[in-house]
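Accompanying notes for the structure given below.
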2 protein chains.
Amino acid sequence: MSPRREPRLVFLLTVAQRRLQRWMAARAQANGVTAAQSGLLFILGQRDGVLMGEAGAALDLGPPGISGLVDRMTTADLIKRRADPDDGRAWRLWLTPAGRTALAQAKAGLVEVNARLTEGFSEAEIDVVARWLTSLQTRFPRGEDQ
Amino acid sequence: MSPRREPRLVFLLTVAQRRLQRWMAARAQANGVTAAQSGLLFILGQRDGVLMGEAGAALDLGPPGISGLVDRMTTADLIKRRADPDDGRAWRLWLTPAGRTALAQAKAGLVEVNARLTEGFSEAEIDVVARWLTSLQTRFPRGEDQ
DNA sequence: TCTAGATAGTTCGCATGCGAACTAATTGCA
DNA sequence: TGCAATTAGTTCGCATGCGAACTATCTAGA
């Protein structure tokens with residue numbers, strides 16, 4: 001409540017995310033995989049064959065978001081969609097060979113990005129940042145809340 | 001170089017920004033102004049009559065970004081675009097009365113958002129966060145760099 | 001068994017913003 | 001003066017992801 005000048009966190013957060021997005025998109029020309037797409041690749045790398053909804057939840061995407069992402073990645077032959085044998089409404093997602101290759105490249109790229117993201121900051125500082133970013137998921141929840 | 005588990009900063013940053021975006025978009029139903037749009041309103045509140053390019057630079061938007069934003073806000077009658085008398089290529093942006101009203105509401109809303117963004121964190125911690133976010137603009141520069 | 005409600009995804013229209021390619025106006029310089 | 005290079009914006013196609021409304025399937029209870 002002191003009159004200290006608030007850093008413009010909304011602006012900083014928006015710009016930071018956009019910069020990262022842009023930078024990774026430029027990298028995408030190399031392996032053809034964007035940030036959002038590599039997110040799904042990572043999920044499938046851990047649990048191949050997840051339901052679309054599960055993948056969406058893991059990526060914090062709503063139904064339209066995961067649906068569109070899956071469409072684009074299916075077209076790009078990075079993943080494959082197969083009907084769930086037990087539930088006629090559901091689809092399970094699987095990596096294609098091209099998807100596995102892209103995942104390997106994405107993993108390598110992530111190392112560089114993470115290095116760039118943490119360079120010049122101590123572990124304690126990065127922990128503060130991570131804790132703050134994580135806390136926003138509680139402060140700005142999905143759905144209808146107070 | 002220790003094998004400590006990296007927090008997934010790319011993911012956290014992406015999700016945090018999306019959560020904030022989503023939350024502010026939901027607020028937008030009230031005053032009809034989104035986060036990106038209120039960004040431009042704030043710029044014009046400080047310097048009414050800026051050039052589009054100047055506004056874009058202030059918001060870290062490229063030419064297509066600011067062009068589209070201006071189009072949408074002009075259609076929504078929040079801003080007005082007038083030819084620069086000295087430069088036939090350039091346009092200057094001005095708040096409309098509706099834009100001024102929306103700006104006042106956006107300012108009020110920002111107070112709440114900022115409170116939510118900083119709640120539970122010390123000033124020193126917020127400073128670390130702000131410094132980290134700001135540093136990304138250098139780490140992930142626009143244009144072609146190393 | 002039948003049906004009402006819940007659940008999994010899809011589709012539509014929209015906002016956001018990028019890169020590439022473009023138009024039009026201005027400027028620098030030979 | 002005149003033209004080449006620069007600069008201000010626009011346009012196009014794309015990726016991303018939202019909310020609202022929809023379809024199809026499944027499940028639980030009367």
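Not measured: the values here are computed from a predicted model. In what follows, chains carry the letters A, B, and so on, assigned in the order in which the sequence lines appear, proteins first and then strands, with residues in each chain numbered from 1.
- Note: A:Met24 CE to B:Phe140 CZ = 8.5 Å, rounded to the nearest 0.5 Å.
- For the atom pair OG1 (A:Thr118) and CH2 (B:Trp132), the distance works out to 9.5 Å, reported to the nearest 0.5 Å.
- Closest non-hydrogen pair, A:Trp91 versus A:Ala83, comes out as CE3-N, 3.5 Å.
- Note on B:Ala25: nothing from the nucleic acid sits closer than 4.0 angstrom, heavy atoms only.
- For the pair A:Ala35 and B:Glu54, both in contact range of DNA chain D, the more 5′-proximal nearest nucleotide belongs to B:Glu54.
- Heavy-atom minimum distance, A:Ala90 versus A:Leu51: CB-CD2, 3.8 Å.
- Take A:Thr101 and apply the side-chain hydrogen bond (donor to acceptor under 3.5 Å, both in side chains) test, not counting sequence neighbours, and it matches no residue.
- Listed by chain and residue number, nothing satisfies the side-chain hydrogen bond (donor to acceptor under 3.5 Å, both in side chains) test with B:Arg72 (two or more places apart in sequence, or in another chain).
- For DNA chain D, the neighbouring residues in residues 71-89 of chain B, judged by any heavy atom under 4.0 Å, are B:Arg81, B:Arg89.
- Residue A:Leu93 comes nearest to A:Ala55 through the heavy atom pair CD1-CB, 4.3 Å, listed as atom of the first residue, atom of the second, then distance.
- Counting all heavy atoms, side chain and backbone alike, B:Pro141 lies closest to B:Thr138 at CD-O, 3.5 Å.
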List the atom pairs, with distances to 0.1 Å, where a side-chain N or O of residues 34-43 of chain B and a protein N or O form a donor-acceptor pair under 3.5 Å, not counting sequence neighbours.
from    : atom 1 : to      : atom 2 : distance (Å)
B:Thr34 : OG1    : B:Gln37 : N      : 3.4
B:Ser38 : OG     : B:Thr34 : O      : 3.0
B:Ser38 : OG     : B:Ala35 : O      : 2.9

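- The side-chain hydrogen bond (donor to acceptor under 3.5 Å, both in side chains) pairs that include a residue from residues 41-51 of chain A are A:Asp48-A:Arg100, where partners are two or more places apart or lie in different chains.
- Mapping A:Gly68 and A:Ala90 onto DNA chain C by nearest heavy atom places A:Ala90 closer to the 5' end of the strand.
- Near DNA chain C, meaning a heavy atom under 4.0 Å from it, residues 55-67 of chain A has A:Pro63, A:Pro64, A:Ser67 in order of number.
- Proximity of residues 37-52 of chain A to DNA chain D (heavy atom under 4.0 angstrom from any strand atom) is restricted to A:Gln37.
- The main-chain N or O of A:Val113 is never found under 3.5 Å from a side-chain atom of A:Arg27 such that the two would form a donor-acceptor pair.
- When all heavy atoms of A:Glu125 and B:Arg131 are compared, the closest pair comes out as OE2-NH2, 2.7 Å.
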Let me have the donor-acceptor pairs involving side chains of residues 57-68 of chain B, under 3.5 Å, with sequence neighbours excluded, atom names and distances please.
from    : atom 1 : to      : atom 2 : distance (Å)
B:Asp60 : OD1    : A:Arg19 : NE     : 3.3
B:Asp60 : OD1    : A:Arg19 : NH2    : 2.9
B:Asp60 : OD2    : A:Arg19 : NE     : 3.0
B:Asp60 : OD2    : A:Arg22 : NH2    : 3.1

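- Remark: A:Arg81 pairs with no residue by the side-chain hydrogen bond (donor to acceptor under 3.5 Å, both in side chains) rule, at least two apart or across chains.
- Applying the side chain to side chain contact (heavy atoms under 4.5 Å, CB included) rule to A:Thr96 yields the partners A:Asp77, A:Lys80, A:Ala98; only residues at least two apart in sequence or on another chain are considered.
- Chain A approaches DNA chain D over the interval D:dA15 to D:dC26, counting the first and last nucleotide 5' to 3' with an atom under 4.0 Å from its heavy atoms.
- Within residues 92-102 of chain A, no residue has any heavy atom under 4.0 Å from DNA chain C.
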